[in-house]
Amino acid sequence: MNWSMVVDPMFHLPFAAGLVVALVLPLLGVLLRLRDEWLAALGLAHLAGASGLVGLAGGVPVVVGAPLGALAGAVLKGLGRFRGNTVYGLMILAGWAATLLVAANTALGSVMGHALVEGQLYFAGPVHLVSALVLAAGAAVVLPWVMPRLIRARLFPGHEAANGLPAWRWHLAFDALAALGMALGTGILGLMGAFALVFVPPWMAFRMAPNWRACLGLSAAIGVAGYGLAFAIALAGDQPFGPVLVAVLLAAGALMPLLPGKG
Amino acid sequence: MAEPLLQARELVAGYDQPVVGPVSFIVAPGEVVGLRGANGSGKSTLLRAIAGTARVFDGRLARRPGLTVAWLAQQPVRLHEMPFSGRDYLRYAGARDTPPQRLAGWLDRRMDAMSGGQFQLLAAWSVLGCGADVVMLDEPTNNLDPEGEAMLAEILGNQRGRRAVLLVSHEGAFLEAACSRVLEVGP
C-alpha cells in the first residue's frame with residue numbers, strides 16, 4: 001500500500017468531484033427508496049452509460065451525452081405515467097445491450113466502456129468538477145421544494161388529486177434531478193459505484209434513523225465516509241475505484257445488524 | 001345558511017361501472033356528516049368521487065371554488081420501513097394544529113414502531129389537523145380499541161363548527177356519537 005498517493009495533489013480535483021457526487025447521490029437515493037423506485041438509479045445509470053458511449057462515437061463528450069440519455073429516460077417515464085420498477089428494468093436491459101454493443105464495435109468505446117464499469121474517477125477533470133457542482137446547486141434548489149411534496153404524495157396518495165394540484169411538476173423535476181445525478185455519478189464514479197451510493201446508504205439510514213431529518217443526514221454521512229475510505233484504499237492499493245467503493249459500502253451494510261435500528 | 005361546501009345531485013359514481021347512486025346531499029361548513037351503508041354499498045366510492053379518483057357517471061357533484069380537501073383512506077399508507085417520527089408525519093401531512101394531549105407522547109416515535117391503534121389515531125389527526133375545508137375519513141375506527149374510539153369521537157366532536165367532516169363507518173354507535181347527521185348510502 002502506498003498511502004502517500006492519497007495526498008498527491010494530482011488527485012485533489014478528482015477527489016473533490018467525486019466527493020460532491022457522493023454527497024448528493026445518497027440524498028437522491030433516500031427519495032428514490034421512499035418512492036419504491038430505487039431500481040430507477042440502476043436503470044438511469046445504464047441509459048446514461050449507453051448514451052455517453054453512443055455520443056462519444058458521434059463526437060459528443062461523455063459529460064454531455066450521458067445526461068441526455070438519462071434525462072430522456074426520465075421524460076419517457078414521466079410522459080408514459082409508468083409506476084413502479086418495470087420501466088427501469090427495461091432501461092437496464094436496453095442500456096446494457098447498447099453499452100456492450102457500442103463498446104464491442106468501436107476502439108474508443110471499448111476503453112470507455114471498461115472505464116464506465118470500473119469507475120474512472122482518477123481521470124475526472126475540471127469539467128467533471130463543474131458538472132458535479134452544478135448538480136449540487138440544482139439539488140440545493142430543487143430538493144427543498146420537491147421533498148415535502150413527494151413525501152406527501154407517497155404517504156397521502158389521494159391528496160394531490162383531491163385538491164387538483166399540478167403534481168407532474170414536482171414528480172418530473174425530481175425525475176430529471178435523479179437522472180442528472182445518475183448520469184454524472186456514472187460518468188465520474190462508474191456505473192455500479194454510482195448505484196451503490198444511491199442504494200446502500202439510504203438502505204442503512206431507513207433502518208437506523210429515528211426521523212426523516214436524521215435519515216437524510218445519516219445517508220449523506222455514510223455516502224461521504226464510504227467514498228473517502230474507498231478513495232484512499234483504491235489509490236493506496238492501486239485498485240479500480242468502482243469495485244472498492246461498492247465493497248466498502250457493502251461492508252458498512254454488513255455491520256447493520258450490530259447497529260441500533262428503527263430509531 | 002352558509003354556502004354549501006359540497007353539493008351532490010342525483011350523483012352516480014363508480015369505476016368501470018357505476019357503484020353508488022343516485023344519491024343527493026349537501027355538506028355545509030361545520031357539519032360532521034356520517035355515511036352509513038352495507039358492505040359494497042359504495043360509501044368509499046362516494047368519497048373517491050369527491051376526491052376525484054372515481055368516475056362520475058351521472059348527476060352533478062359541485063365543490064365550492066377553491067375548496068381544500070383532506071382524505072384519510074380506509075387503509076392509510078404504512079410502509080414496511082418508515083423513517084418518519086410522528087412529528088414528521090404530521091408536518092408532511094400539513095397538520096399544523098396542536099395535537100390532542102394523548103397523541104403528544106408518540107410524536108418522537110417512528111411511525112413503523114407504533115401499534116396499529118396509535119398509527120390510526122395519528123393518521124386521523126394528520127387530516128383533521130391540517131386546516132382543510134372538508135375532511136373525509138374512511139373507516140377511521142379500524143384498529144382502534146374502545147378507548148381509541150372514544151377519543152376519536154371526542155376529537156370529531158371538537159371539529160363541529162370548525163370544518164366539515166365526511167365520515168364513513170360500519171359502526172352505528174360511533175356514527176351516532178360523532179356525527180351531527182347520518183346519511184344512508186346504497187347502490
Side-chain angles (χ1 to χ4, degrees), chain A residues 26-27 29-38 83 143-167 170 199-222 253 256 259-263, chain B residues 6 44 47-55 61 63 65-95 106-114 119 122-127 130-138 166:
Chain A
L27 297 176
V30 168
L31 284 169
L32 288 169
R33 189 171 187 85
L34 177 69
R35 300 199 325 168
D36 252 346
E37 290 185 342
W38 50 265
R83 285 282 177 262
L143 284 182
W145 177 63
V146 300
M147 193 177 292
R149 290 166 176 81
L150 295 179
I151 291 170
R152 196 164 188 172
R154 181 70 176 106
L155 300 183
F156 309 96
H159 176 76
E160 293 167 340
N163 292 284
L165 299 175
W170 42 88
F199 179 72
V200 177
W203 169 52
M204 296 177 68
F206 261 59
R207 284 280 304 274
M208 295 160 59
N211 56 51
W212 184 250
R213 189 181 292 268
C215 184
L216 293 172
L218 196 55
S219 187
I222 292 168
M256 225 175 9
L259 301 170
K262 296 205 171 182
Chain B
L6 291 170
S44 298
L47 297 191
R48 288 176 181 275
I50 294 167
T53 58
R55 181 177 161 195
L61 176 63
R63 293 169 49 146
L67 185 83
T68 54
V69 176
W71 176 28
L72 178 68
Q74 195 171 112
Q75 292 179 321
V77 172
R78 188 170 191 188
L79 307 174
H80 171 61
E81 287 179 324
M82 210 164 174
F84 296 95
S85 66
R87 203 179 302 280
D88 290 333
Y89 188 77
L90 295 183
R91 181 169 68 246
Y92 288 117
W106 309 335
L107 294 183
D108 291 322
R109 195 178 301 177
R110 266 176 68 127
M111 292 300 292
D112 52 5
M114 290 186 188
F119 185 93
L122 266 175
W125 182 254
S126 74
V127 292
C130 73
D133 299 321
V134 173
V135 174
M136 303 193 299
L137 301 168
D138 196 350
L166 269 173

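Basis for what follows: all heavy atoms, side chains included, without hydrogens, waters or symmetry-related copies. Quick note on labels: first sequence line is chain A, next is B, and so on, each numbered from 1.
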Would you mind telling me which of B:Ser126, B:Ala93, B:Ala123 has the largest number of heavy-atom pairs within less than 4.5 Å of chain A? B:Ala93
Applying a strict 4.5 Å limit to non-hydrogen atoms, the region of A:Ile151 in contact with chain B is side chain
Between A:Arg154 and chain B, with a heavy-atom cut-off of 4.5 Å, which part of the residue counts as in contact: side chain, backbone, both or neither? both
Within a reach of under 6.0 Å around CZ of A:Arg213, are more than 12 heavy atoms found that belong to other residues, nucleotides or ligands? no
Identify the heavy atoms of A:Arg207 and B:Arg110 that sit nearest to each other, and give their distance. O-NH1, 3.8 Å
Among all residues two or more places apart in sequence or in another chain, which pass the ring-ring contact (aromatic ring centres under 6.0 Å, His included) test with B:Phe84? A:Trp212
Under 4.5 Å from any heavy atom of chain A, what part of B:Leu72 do you find: side chain, backbone, both or neither? neither
Considering only heavy atoms, which portion of B:Arg48 lies under 4.5 Å from any heavy atom of chain A: side chain, backbone, both, or neither? neither
Should A:Leu34 and B:Leu79 count as side-chain neighbours, where that means a heavy-atom distance under 4.5 Å? yes
Tell me, side chain or backbone of B:Ala73 under 4.5 Å from chain A's heavy atoms, or both, or neither? neither
Selection from B:Gly86, B:Ser85, B:Ala132 maximising heavy-atom pairs under 4.5 Å formed with chain A: B:Ser85
Give every donor-acceptor pair under 3.5 Å between a side-chain atom in residues 159-166 of chain A and any protein atom, sequence neighbours left out.
| from | atom 1 | to | atom 2 | distance (Å) |
| --- | --- | --- | --- | --- |
| A:His159 | ND1 | A:Arg152 | NH2 | 3.4 |
| A:His159 | ND1 | A:Asn163 | ND2 | 3.3 |
| A:His159 | NE2 | A:Arg152 | NE | 3.4 |
| A:Glu160 | OE2 | A:Trp170 | NE1 | 2.9 |
| A:Glu160 | OE2 | A:His171 | NE2 | 3.3 |
| A:Asn163 | OD1 | B:Val69 | N | 2.7 |
| A:Asn163 | ND2 | A:His159 | O | 3.0 |
| A:Asn163 | ND2 | B:Val69 | O | 2.8 |

Measure B:Thr68 against the heavy atoms of chain A and call it side chain, backbone, both or neither at under 4.5 Å. both
